[in-house]
Chemist: 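Sharing a structure with you now.
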Amino acid sequence: MDIFDLTGKVAIVTGGNGGLGLGIAKGLASEGCAVALVGRNQAKIDAAVAEMTALGYKSLGVQADVSKEDDVNRMVKETAEHFGRVDILVNNAAISWGVAPEKLTLEQWDEFIAIDLTSCFLCSKACYPEFIKAGGGKIIVLSGGGATNPLPNISCYAASKAAASPAGPDPITSTSQ
């Protein structure tokens, strides 16, 4: 028995149209999972879906701004209608660009919080009914080292990702079981 067999499962990967998100989507798909690739840039979504299709993976591109509740609800609905279910949510979407904290505007702060943090709440909430229908589900929230060891000029990224991170010890550095 393959303990990582995801055949028949469906995942939504926010920020799945490039970078780490697309890598995660490929990893899930390589284990049999169908994947909805979510992003704001339609050209990047189309390229990511073409790449997944060329690899023989089942994928769906969904254009959505995960900081907007209507977009998130539509994203989940489109995925469930296309694949018949939703089993996994990967909260990966994030923005990260350097701004010195003293130069950060309230509008920039609000954008970071909406995309890096509020999106995790909105997406998790929207997926919950689909998880119930599927008999369970998994939510994965990504956060980088910048959440706990911030670099200069990314204080807003660090704050938003640290807030989105699950509580508890760092699984990479923790020695307690």
Side-chain angles (χ1 to χ4, degrees), residues 1-42 44-46 48-49 51-53 55-96 110-144 147 157 159-168 171:
M1 176 185 198
D2 184 354
I3 62 169
F4 202 69
D5 181 10
L6 297 175
T7 303
K9 302 293 184 185
V10 175
I12 294 174
V13 180
T14 67
N17 61 345
L20 181 61
L22 182 54
I24 291 167
K26 288 177 183 176
L28 292 168
S30 73
E31 297 300 326
C33 194
V35 183
L37 307 171
V38 180
R40 293 184 290 179
N41 182 312
Q42 189 64 54
K44 283 181 67 178
I45 294 166
D46 293 343
V49 168
E51 193 173 333
M52 294 282 283
T53 301
L55 292 169
Y57 300 147
K58 293 182 212 167
S59 64
L60 167 70
V62 180
Q63 184 178 28
D65 180 338
V66 293
S67 70
K68 300 189 181 328
E69 190 168 22
D70 289 343
D71 277 17
V72 169
N73 290 335
R74 179 183 47 77
M75 166 195 81
V76 174
K77 182 180 179 188
E78 284 181 25
T79 302
E81 286 177 354
H82 185 81
F83 291 121
R85 62 187 297 139
V86 176
D87 303 281
I88 302 165
L89 168 64
V90 180
N91 281 312
N92 171 66
I95 55 173
S96 176
D110 288 344
E111 183 179 13
F112 268 94
I113 295 301
I115 293 172
D116 293 5
L117 176 59
T118 303
S119 68
C120 295
F121 162 72
L122 292 174
C123 292
S124 299
K125 179 182 174 188
C127 284
Y128 184 78
E130 292 301 324
F131 290 166
I132 296 300
K133 290 179 200 172
K138 301 293 181 193
I139 298 172
I140 301 164
V141 178
L142 271 73
S143 178
Y157 172 81
S160 62
K161 291 311 257 182
S165 299

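Predicted model only: the values in this text are computed from it and were never measured.
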Chemist: Using a 6.0 Å cut-off, check whether atom OH of Y128 has over 12 heavy atoms from anything other than its own residue.
Modeler: no
Chemist: CZ of F112 to OG1 of T118: how many Å apart, nearest 0.5 Å?
Modeler: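 That separation rounds to 13.5 Å.
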Chemist: Quick one: list whatever passes side chain to side chain contact (heavy atoms under 4.5 Å, CB included) with D46, sequence neighbours left out.
Modeler: Q42
Chemist: In chain order, what residues pass the side chain to side chain contact (heavy atoms under 4.5 Å, CB included) check against K77, with sequence neighbours excluded?
Modeler: E81
Chemist: Closer than 3.5 angstrom, by distance alone: can the side chain of N92 be matched with the main-chain N or O of G15 as a donor-acceptor pair?
Modeler: yes
Chemist: Rounded to the nearest 0.5 Å, how far does CG of L142 lie from CD1 of I140?
Modeler: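 The CG atom of L142 is 7.5 Å from CD1 of I140, to the nearest 0.5 Å.
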Chemist: Could I get the full list of salt bridge (charged side-chain N to carboxylate O under 4.0 Å, His left out) partners for R40, not counting sequence neighbours?
Modeler: none
Chemist: Taking T14 for the side chain and V90 for the main chain, is one N or O donor matched with an acceptor at less than 3.5 Å?
Modeler: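 Yes.
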Chemist: Write down the atom of Y57, the atom of A29, and the distance for their closest heavy-atom approach.
Modeler: CG-CB, 3.4 Å
Chemist: Run the salt bridge (charged side-chain N to carboxylate O under 4.0 Å, His left out) test against K26 and tell me which residues pass, sequence neighbours left out.
Modeler: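 For K26 the salt bridge (charged side-chain N to carboxylate O under 4.0 Å, His left out) partners, ignoring immediate neighbours, are E51.
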Chemist: What closest approach, in Å, do D87 and K9 show between heavy atoms, and which atom pair accounts for it?
Modeler: OD2-CA, 3.3 Å
Chemist: Considering all heavy atoms of both residues, which atom of K138 and which atom of F131 are nearest to each other, and what is their separation?
Modeler: O-CZ, 3.7 Å
Chemist: Kindly give the heavy-atom pair with the smallest separation between N91 and C123, and that separation in Å.
Modeler: OD1-CB, 3.4 Å
Chemist: Considering residues at least two apart in sequence or located in another chain, which fulfil the side chain to side chain contact (heavy atoms under 4.5 Å, CB included) criterion with E78?
Modeler: V62, R74
Chemist: Rounded to the nearest 0.5 Å, what's the gap from CE on M52 to CG on L22? Could you check?
Modeler: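 Result: 6.5 Å between the selected atoms.
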Chemist: For K68, enumerate each residue passing the salt bridge (charged side-chain N to carboxylate O under 4.0 Å, His left out) test, keeping only those at least two apart in sequence or located in another chain.
Modeler: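 Residues passing salt bridge (charged side-chain N to carboxylate O under 4.0 Å, His left out) with K68: D65.
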